[in-house]
Amino acid sequence: ILRSQDNLEHLKSALVSVLQRTRYQRHEVLIADNHSQSPALAEWLSNLEGKGERIRVLHTDERLSNSALYNVASAEAKGEYLVMLSAEAQVFNANWLDAMLNQAQRPEVGIVGAKLMDIRGVTTQAGLILGFNGNIGSAFVGERKDAMGYLNGHQVEQNYSAVSGACQMIRKDLFEAVGGLDEEHFEEAFADIDLCLKVADVGYLTVWCPQAQLLHPGLLPDAP
C-alpha cells in the first residue's frame, strides 16, 4: 500500500523501485490517493488505471488522516499479507519482499519491519526501542549497512518492541483482529508503533529483518 497525497515525484520513485526491484511477483500494489489536488498526479494515476490487476488506484472522496487512509486501503487489499510502504521509500534489494514474507509466515510473528538507509549505504533506522533516551530510538543508526554491529545484531533478524511504518508487513486477518491503525489517538504519527504494541498484547512478535533494505531518511516524529 502506497499513500498518494500530492506527492507525485516521491510516489513515482517508490512505485518504480517496487516494480523494478522486487523479485517476488505474487503481489499487487494499491495506491491510496488521499483526495489529491494536483492535476499532474491525477493524470499520472489515471494513466496507471486499467493497466492490469497488479496496480490498483483507490480514491477517497475527502481528505483522511494517515491512519484512516491505510485502514481504508487495507480493507480493499486482496492479499493475505499487507505491506504499508512509505512513498518516501525506495526498494534497494530485490529479495526484500521474500525476506519479510519468510519471517511473517512464522506462526509466532505478527509484524515484520525493514532496514532503512540512505544513498551512501548508512543505516538511518533499524528496529525501534521504546524508552531510548526517554523517547523512541533506533539501534545502529549511522553505521554502514554491512557493519556487523554489537553481537552481529546489525545483520541478524531479531525481535524489537516496534518497527517503522515506513515498511511494515502484517497478516491482513491479524491487522483486522487488532482493529487496524488507531485513527482516534494516532491520526498522523505513532500509529505504526501502537500497532506493534497491540500485536504484542495478543501474543505475537515484532521482527526486524535486515535483509529487507530500503532507501529512506528514517526520521522519527517528535513525541506527543
Same apolar cluster (I L V M F W Y, side chains within < 4.5 Å links), I1/V91: no
Working for side-chain contact (heavy atoms from CB on, under 4.5 Å), residues I111 and V207: CA-CA 6 Å; I111 291 179; V207 174; over 6 Å; no
Pairs flagged by side chain to side chain donor-acceptor pair (under 3.5 Å) wherever residues 179-196 is involved - sequence neighbours left out: N71-E183, D182-H185
Distance-minimising heavy-atom pair for L214 and C167: CD1-SG, 3.7 Å
Side chain to side chain donor-acceptor pair (under 3.5 Å) contacts touching residues 75-84 (sequence neighbours left out): none
R54 side, atom CZ; R26 side, atom CZ - distance, nearest 0.5 Å: 13.0 Å
From S164 atom OG to M84 atom CE, the distance as rounded to the nearest 0.5 Å: 10.5 Å
Set of side chain to side chain donor-acceptor pair (under 3.5 Å) partners for D118, sequence neighbours left out: R120
Side-chain touch F190/I136, heavy atoms, less than 4.5 angstrom: yes
Polar side-chain atom of S65 near backbone of A68 as donor-acceptor pair, under 3.5 Å: yes
Side-chain (S67) to main-chain (F186) donor-acceptor, under 3.5 angstrom: yes
Path from V112 to L195 over hydrophobic side-chain contacts below 4.5 Å: no
Heavy-atom pair of closest approach, residues S17 and A89: OG-O, 4.4 Å
Flag side-chain contact, heavy atom, 4.5 Å: V57 against L30: no
Worked check of side-chain contact (heavy atoms from CB on, under 4.5 Å) between K115 and T124: CA-CA 8 Å; K115 178 185 289 187; T124 57; over 6 Å; no
Side chain to side chain donor-acceptor pair (under 3.5 Å) partners of E176, counting only residues at least two apart: none
F92-L116 co-clustered via ILVMFWY side chain contacts under 4.5 Å: no
Test item: Q155 side-chain N/O and A147 main-chain N/O as donor-acceptor pair under 3.5 Å: yes
Interatomic spacing from CD in Q90 to CG in L15 - rounded to 0.5 Å: 11.0 Å
CG on L97 to CD on Q25, rounded to 0.5 Å: 9.5 Å
Stepwise side-chain contact (heavy atoms from CB on, under 4.5 Å) check, L220 with L128: CA-CA 10 Å; L220 289 164; L128 296 176; 3.8 Å; yes
Whether T60 side chain and E62 backbone form a donor-acceptor pair below 3.5 Å: yes
Minimum heavy-atom distance L82-A77, with the two atoms named: CD2-CB, 3.5 Å
Donor-acceptor contact below 3.5 Å, side chain K198 vs main chain G180: yes
Donor-acceptor under 3.5 Å (S46 side chain, A42 main chain): no
Spacing of I31 atom CD1 and I55 atom CD1 [to the nearest 0.5 Å]: 6.0 Å
Flag, side chain of T123 to backbone of M117, donor-acceptor distance under 3.5 Å: no
E49 CD to L58 CG distance, which is reported to the nearest 0.5 Å: 9.0 Å
Minimum-distance pair of heavy atoms, taken over all atoms of S161 and L197: O-CD2, 4.2 Å
Pair L130-N135, side-chain contact (heavy atoms from CB on, under 4.5 Å): steps then yes or no: CA-CA 6 Å; L130 277 61; N135 191 2; over 6 Å; no
Residues which pass side-chain contact (heavy atoms from CB on, under 4.5 Å) with Q211, listed by chain and number, not counting sequence neighbours: A99, E157, C209
Members besides V16 in its Ile/Leu/Val/Met/Phe/Trp/Tyr cluster (side-chain heavy atoms under 4.5 Å): none
Residues that R144 engages under side chain to side chain donor-acceptor pair (under 3.5 Å), provided they are two or more places apart: none
Single-linkage hydrophobic cluster I193~V178, side-chain heavy atoms < 4.5 angstrom: no
Set of residues satisfying side-chain contact (heavy atoms from CB on, under 4.5 Å) with respect to I129, sequence neighbours excluded: F132, A139, Y160
Non-neighbouring partners of F140 that pass ring-ring contact (aromatic ring centres under 6.0 Å, His included), sequence neighbours left out: H154
Common cluster, L64/L85, ILVMFWY with side-chain heavy-atom separation under 4.5 Å: no
Pairs involving residues 34-44, ordered by first then second residue, that meet side chain to side chain donor-acceptor pair (under 3.5 Å) (sequence neighbours left out): Q5-N34, D33-S36
Listed once per pair and sorted, the side chain to side chain donor-acceptor pair (under 3.5 Å) pairs that draw on residues 95-105, sequence neighbours left out: T22-W96, N93-N95, Q103-R106
For H59, side chain to side chain donor-acceptor pair (under 3.5 Å) partners two or more places apart: none
Closest heavy-atom pair and its distance - S4, L41: OG-CD2, 3.4 Å
Exam field: side chain Q168 to backbone V163, donor-acceptor pair closer than 3.5 Å: yes
Closest heavy-atom pair and its distance - E88, P217: OE1-CG, 4.1 Å
